[in-house]
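Structure, as structure tokens:
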2 protein chains.
Amino acid sequence: MDNIQATADGDGRQRILAAAEKLFSDKAFDAVSMSAIACAAGISKANIYHYFPNKDTLYLAVLRMASHNLRAVLNEAVSAHGSVMDVLRHFAHNHLQALLKKPELVRLVWREILEKGAPRAQEFAEQGFADMFSALVDVLKLGQTRGEFRQDFDPALVATLLLGANVFFFQSRDIFRHYPPITFADDPAGYDAGIVEILLRGLVPATS
Amino acid sequence: MDNIQATADGDGRQRILAAAEKLFSDKAFDAVSMSAIACAAGISKANIYHYFPNKDTLYLAVLRMASHNLRAVLNEAVSAHGSVMDVLRHFAHNHLQALLKKPELVRLVWREILEKGAPRAQEFAEQGFADMFSALVDVLKLGQTRGEFRQDFDPALVATLLLGANVFFFQSRDIFRHYPPITFADDPAGYDAGIVEILLRGLVPATS
DNA sequence: CCTGATATTGACCGATTGGTCAGGTGCTTA
DNA sequence: TAAGCACCTGACCAATCGGTCAATATCAGG
């Protein structure tokens, strides 16, 4: 049963998917050739077509897998214990860590979201969104019913703010890095600690 | 001097740039062919090479122009009058409106920012960032020195939060639109009105 | 040992890619 | 009128693209 070569069932397919994922996360669809994928996977180009009927299908499979894995990683970020404020802090931290942990997956899925006109598989990309969102909104609603938060804000809006802050950080941290006034480019933990604190307390001193 | 045909100086060049901008904002670099650009511009492919030595140079010119125009549009968003809080509200609103007004430019420049490995012209893309950022940070600092804002937060962090919220909204509003809990997908004004209010007041009731 | 199915390959296909080139406009200046 | 020049073109090029195909390895079960 054990082969000397690690040729577990579906090994070829997996090799192709892994190579394609790497390449597609670095460059756009048209910038990645089947030859390049084959080369990266260490097989012949023709062999790819034994597993996938065409390039689009392969890309879709990669996107599907990436989306699934990303969801799994991100969903770990949502876990509740302690006060709602603590849950929020915890979430902000873990969510950003999850993004930074699998940057290829994030770039891959996000590029698909941004693509206009050709919605190759937005369904997959959008799923992660819905998960994150509903989980986060639930937390915020809980904070409101418990009286820890004010009642007069839209939970979905705050969720957008938090998610957006992390995604924006992820996308822009290379720019942040050579922009002097920003000190938190390489300190994601400090970044969303600050973010959450501002969200909780607000900018205006409590002198009402 | 006047020709019947509107052949003002640089007309051909401008036609090419316009067509290329449109195409490059819809699809990635490799997905746009020189033939397509020529066709869209209503000229022959060979003629493009009379104005631009190669595809990369053309793309760079497009990016340069787009970045410049985008900066111009965005900089209009920064104008100060009234209280610092009002300036902040004004900025959030106008910044998002500017993004939505020229979506092709934003997509073009932002795609370049996200591109890994091949930083074709991040310099241009990053310029807009620096402008926005310093202007916004200055406003926030003013709020702090005037005592309208608390002293214990990092202005750059709040600027990131605000900019990020708008960019995130811009990028994700197609997804928002078919996600029920979100009601502000088609109401950008309401969106950043809410955003700013949360930033100012915070989530936690002032009961200290 | 044979057989059939799964993997895998190099050679090949038509189409398209970015880019070149020789030549043809039409206007300006001498 | 002739020369010069910016503009513009169709035809062409080698290279690469996604994809096909016939010919092989490889290996399990009979």
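Computed from a predicted model, the values in this text were never measured in an experiment. All chains are named by letter (A, B, ...) in the order of the sequence lines, taking the proteins before the strands, and each is independently numbered beginning at 1. The basis for the numbers below is simple: all heavy atoms, side chains too, and nothing from hydrogens, waters or symmetry mates.
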Kindly indicate whether the side chain of A:F91, heavy atoms from C-beta on, has any atom under 4.5 Å from the side chain of A:V196.
no
Given atom CG of B:L58 and atom C1' of C:dG19, what is their separation to the nearest angstrom?
13 Å
Presence of A:H50 side-chain N/O under 4.0 Å of C:dT8 phosphate oxygens OP1/OP2:
no
For C:dT9, does either OP1 or OP2 sit under 4.0 Å from a side-chain N or O belonging to A:N47?
yes
Take the C1' atoms of the five end pairs on each side of the helix from C:dC1-D:dG30 to C:dA30-D:dT1, derive the two axes, and give their angle rounded to 10 degrees.
10°
Is there a side-chain polar atom (N or O) of A:Y51 under 4.0 Å from OP1 or OP2 of C:dT8?
yes
Should B:R107 and B:D26 count as an ion pair when the cut-off is N to O under 4.0 Å?
yes
Aromatic ring centroids of A:F168 and B:F168 under 6.0 Å?
no
Nearest whole angstrom, please: distance from the C1' of D:dC17 to the CD1 of A:I48.
13 Å
Could you check whether any side-chain N or O of A:S67 sits under 3.5 Å from a backbone N or O of A:R64, counting only pairs where one atom can act as donor and the other as acceptor?
no
Examine distances only and state if a side-chain atom of A:D192 and a backbone atom of A:I195 form a donor-acceptor pair shorter than 3.5 Å.
no
Any Lys/Arg nitrogen of A:E197 or A:R89 sitting under 4.0 Å from an Asp/Glu carboxylate oxygen of the other?
yes
B/S/- along nucleotides 13-18 of chain C (protein heavy atoms under 4.0 Å) is ----SB
Check the distance between C:dA7's P and A:Q14's CD and give it to me in whole angstrom.
13 Å
Rounded to whole Å, CZ of B:R15 lies from P of D:dA6 at a distance of 20 Å
Geometric cation-pi criterion A:K55 and A:F29, 6.0 Å radius, 45° cone:
yes
Strictly by modelled atom types, are A:D86 and A:H90 linked by a side-chain donor-acceptor pair under 3.5 Å?
no
